[in-house]
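Below: the structure, in structure tokens.
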Amino acid sequence: SESASRRKWMALVVVCLGQLMMVVDMTIVNVALPVIQRDLRFSQADLTWVVGAYLISYGSFLLMAGRLGDLVGRKRVFLAGVAIFTVASALCGLANDQLVLIAARFLQGFGGAIATAVIIALIVTDFPRPDERVKAMGAYMFVVTSGGSLGLLLGGALVQSVDWHWIFYVNLPIGAAVLALGARLIENRPGTGLRGGIDIAGSVLVTAAMMLAVYAIVTAAEHGWASAHTLGFGGAAAVLLAAFVALESR
């Protein structure tokens, strides 16, 4: 019906708004790093963890979050991810300590991974017709590609006009709107249930492998690509990934 069609397009806007919030956050922080370093007295090495903590949790939990969406329902997982991301953004904004900010950024990456992992599946499920799916995916890709540029502009404006805390506070009204509208507009399709195929060993292996791999990459600039540190963590990630492949093949 016409009302159902309108609702799914409005749901797409909500989902894309949530994705935009997360894409913007990835670049908006980069602009504010010098100010954050001066305000919280980060060393140059420790400052990289403001970005690295987010990347490690984001990259580590994507695969597991995608499977979780299949099991418990993608709408529920998306809204949970947005809620975690929004709460973590508030904690980042309130942070006046290095460890608090880094921990909040790790939590922010975790929420971003949970929400992002199910967005494509939500779009594909809501738009089964090829012509509509092309339009929906086009809108999604526009948000993903343009969000980075928007983050750079917004970050510069906020840091100059207010202070760096507001690069995180700006997520709060957006997150609240996505949660409120998403609960109403996104169609609730139940998952298969946790009994439908939860793979604890596989989840632990692939998440640990991704976490070690991203950690090795993030810290390679400090220790060197050919260092024992980088090669050790990279090798451990490869071993865990091989164990994951061997487990799943059976």
Side-chain angles (χ1 to χ4, degrees), residues 10-37 39-40 47-62 65 77-95 100-120 122-123 136-182 185-186 214 218:
M10 292 175 66
L12 174 66
V13 173
V14 173
V15 170
C16 286
L17 183 61
Q19 180 67 74
L20 179 64
M21 175 177 67
M22 295 164 203
V23 174
V24 166
D25 187 81
M26 290 184 182
T27 54
I28 198 173
V29 173
N30 294 335
V31 177
L33 283 178
V35 181
I36 294 174
Q37 180 181 18
D39 193 19
L40 298 185
L47 184 66
T48 61
W49 285 106
V50 177
V51 176
Y54 183 98
L55 293 177
I56 288 172
S57 59
Y58 185 88
S60 302
F61 293 104
L62 272 174
V77 170
F78 173 74
L79 294 179
V82 172
I84 293 171
F85 187 91
T86 305
V87 170
S89 295
L91 295 176
C92 288
L94 293 170
V100 172
L101 179 59
I102 291 171
R105 285 287 287 166
F106 186 91
L107 183 63
Q108 203 179 28
F110 177 64
I114 292 176
T116 303
V118 296
I119 288 179
I120 296 293
L122 281 171
I123 295 174
M137 289 302 298
Y140 170 77
M141 290 307 301
F142 174 77
V143 167
V144 171
T145 54
S146 63
S149 300
L150 180 60
L152 294 174
L153 295 173
L154 187 60
L158 288 173
V159 169
Q160 287 188 348
S161 60
V162 198
D163 62 43
W164 66 265
H165 297 273
W166 282 92
I167 68 172
F168 299 109
Y169 289 145
V170 74
N171 293 332
L172 304 187
I174 301 174
V178 171
L179 288 171
L181 295 173
L185 296 173
I186 299 174
V214 177
V218 167

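Counting begins at 1 with the first residue of the sequence. Note that the coordinates shown come from a computational prediction; the quantities given were computed from them, not determined experimentally.
Ring orientation note: the planes of Trp164 and Phe168 are nearly perpendicular, at an angle over 60° on the 30°/60° scale. In this pair, Tyr58 and Tyr54 present their aromatic rings parallel. The plane angle is below 30°, not in the 30 to 60° band.
Rounded to the nearest 0.5 Å, atoms CZ (Phe85) and CZ (Phe110) are 13.5 Å apart. Atom CG of Leu107 sits about 8.0 Å away from atom SG of Cys92, to the nearest 0.5 Å. Distance check, rounded to the nearest 0.5 Å: CG of Leu154 to CG of Leu158 gives 4.5 Å. In this structure, Leu122 CG and Leu12 CG are separated by 10.0 Å, a value rounded to the nearest 0.5 Å. Phe78 CZ to Leu179 CG: the interatomic distance, rounded to the nearest 0.5 Å, is 8.0 Å. Between atom CG of residue Leu150 and atom CG of residue Leu20 there is a gap of 6.0 Å, rounded to the nearest 0.5 Å.
The heavy-atom pair separating Ala53 from Ile102 by the smallest distance is CB-O, 3.6 Å. Residues Ala65 and Val77 approach most closely at O-CG1, 4.2 Å, considering heavy atoms.
Looking at residues two or more places apart in sequence or on another chain, you find a side chain to side chain contact (heavy atoms under 4.5 Å, CB included) between Ile174 and Leu17, Met21, Val178.
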Worksheet item: Between His165 and Asp39, is a side-chain contact (heavy atoms from CB on, under 4.5 Å) present by the stated rule, with each step listed?
Response: CA-CA 11 Å; His165 297 273; Asp39 193 19; 4.0 Å; yes
Worksheet item: Stepwise, does the side-chain contact (heavy atoms from CB on, under 4.5 Å) test hold for Val51 with Leu33?
Response: CA-CA 9 Å; Val51 176; Leu33 283 178; 3.9 Å; yes
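Counting only residues at least two apart or in different chains, side chain to side chain donor-acceptor pair (under 3.5 Å) contacts with residues 13-31 comprise Gln19-Tyr140, Asp25-Arg105, Asp25-Gln108, Asp25-Asn171. Listed by first and then second residue, the side chain to side chain donor-acceptor pair (under 3.5 Å) pairs that reach into residues 147-163 come to none, sequence neighbours excluded.
A 4.5 Å side-chain heavy-atom check between Ile120 and Met137 finds at least one atom pair inside the cut-off. Taking 4.5 Å as the limit, some side-chain heavy atom of Ser89 sits within range of a side-chain heavy atom of Leu172. At a threshold of 4.5 Å between non-hydrogen side-chain atoms, the residues Leu47 and Val50 count as touching. Considering only heavy atoms from C-beta on, Val29 comes within 4.5 Å of Ile167 through its side chain. Counting heavy atoms from C-beta on, the side chains of Leu101 and Phe106 never come closer than 4.5 Å.
A donor-acceptor pair is defined here as one N or O able to donate and one able to accept, closer than 3.5 Å; no such pair exists between the side chain of Thr116 and the backbone of Ala113.
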